[in-house]
Amino acid sequence: MQPHSIYLHIPFCQHRCSYCDFNTYAGLENLIFAYAQALRHEIKYVAATLDAKLPVHTIFFGGGTPSLLSAEDLASILKTLHTSFDVFPDAEISLEANPGTLSAAYLTELRNLGINRLSLGMQSAHPDELKFLERIHDYMDVVEAVTWARQAGFDNLSLDLIFGLPEQQTQTWVDSLQRALALAPEHFSLYALTLEHGTPLGSWAARGLIPEPDPDRAADMYELAAKMLAQVGYTQYEISNWARKNEKGRMKDEQRMDIEAQSPIAIRQSLFECRHNLQYWRNQPYLGFGAGGHGFVNGMRTVNVLSPKSYIQRLSKLNFSTSSGQALQHSTDDFPRTPATIEANPIDRETEMRETMMMGLRLTREGVSKARFQTRFGLSMREQFAEPIQQLVEWELLCWENDTLRLTPRGRLLGNQVFMQFV
Ligand code: SF4
């Protein structure tokens, strides 16, 4: 069976950033303990609907702010995952952390739990920008977090940065990037600021209190960043993601090839790519646990209830107290639904093919290969999507290279227009 991924959503933050529209809540930290218990219940529920343990090669604690969970809560969740699934010994286990919530002791505990990848939300090195975004940390907190993480033994760190703020000067963006590069992370995620409806930034812009971000300036900043990162050895592998070479990973990868041979796409870990996110972009299966968690497994897309309180209530009704401590057996027909599921939509083949194109084309290096598409669907990608492909190649937004379809540099800037053609 092909390896699966697991996403766990932690919907708690100390403060809501001005641009954030994620499913996360400030001031509900008193729920964290019960929430961690509910997560364990949901994991056990899914395991009880399966005849055999699912192979799992990546686990991702995302949020929200997963670093608000105590090491004890994370340990118990990880223990439940290891008991419930066949987690590969070299699984990538990532955790998103807010640099304002960390300590050296906590990071050492995380590393000792087997968490081996840390994603830090740096966003900017400039106090004014961090204030505007309402982040709870400053650049020195990021420096400290990286230092502590290295001391704890993390050798796979990612930094997130945001560009294209209203009236942001190119120089402050370059400066933030340089300060981030000075910390030598293995991975970068760079996102253009978007004004989302319902966020403070969105309403300030709607009321004319701040200017809208300038998309042309943001495009210039993106191109500048791509150039700067390439110059110092980072490879872009996705529209918003860059990674350094991983010599150790290449060796590990060869050993892993046998295990993953059944997967249509063997994972080539020659870069410090985020293996978990690659699973999404390759449209491969993953389970989504937690409030607002999304999953794609068993030919179905699932969505969980958004509210952490409702999530806890739905899972607290379950009784897992058999004498052996094992979850009770549920019907295999339930899989992948759980009491927290509010939507479970079957994905037909046609939709899966479209989604495979839309997500796969985000991968700027890998693209979508004709041969892999043929193996997966038994159909020709060229014939199935003849019209949009021809059109996008004519517009110079896509190009063919060795039977692989990829975004052109221009296509990377206009990704949404490309993906729309496959809806
Ligand atoms: S820390 Fe992240 S998830 Fe939390 S409010 Fe800020 S941007 Fe959103």
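Note that the structure is a prediction, hence the values are computed from the model and not measured. Sequence positions, counted from 1, serve as the residue numbers for this chain. Read the numbers this way: they start at 1 and go in the same order the structure lists the ligands and their atoms.
- Proximity of the aromatic rings of W173 and F163 is defined here by a centroid distance below 6.0 angstrom, and this criterion is met.
- A perpendicular orientation is assigned to the rings of F373 and F385, their planes being inclined by more than 60° (bins at 30° and 60°).
- Salt bridge status for E186 with R150: present, with a side-chain N to carboxylate O gap under 4.0 Å.
- Checked against side chain to side chain contact (heavy atoms under 4.5 Å, CB included), E167 has the following partners two or more places apart in sequence or in another chain: P211.
- Under a 4.0 Å criterion applied to the non-hydrogen atoms of H15, ligand 1 contributes the atoms 5 (S).
- Ligand-side atoms of ligand 1 in range of N98: 1 (S), range being under 4.0 angstrom from any heavy atom.
- Under the rule for a salt bridge (charged side-chain N to carboxylate O under 4.0 Å, His left out), the partners of D155 that lie at least two apart in sequence or sit in another chain are K248.
- Nearest residue to atom 1 (S) of ligand 1 from E96, H137, R135 is R135 (criterion: closest heavy atom).
- D175 meets the salt bridge (charged side-chain N to carboxylate O under 4.0 Å, His left out) test with R179; sequence neighbours excluded.
- Distances from atom 8 (Fe) of ligand 1 under 2.8 Å pick out these protein N/O/S atoms: C20 SG.
- A salt bridge (Lys or Arg N to Asp or Glu O under 4.0 Å) with R406 holds for exactly one of E366, E238, E401; it is E401.
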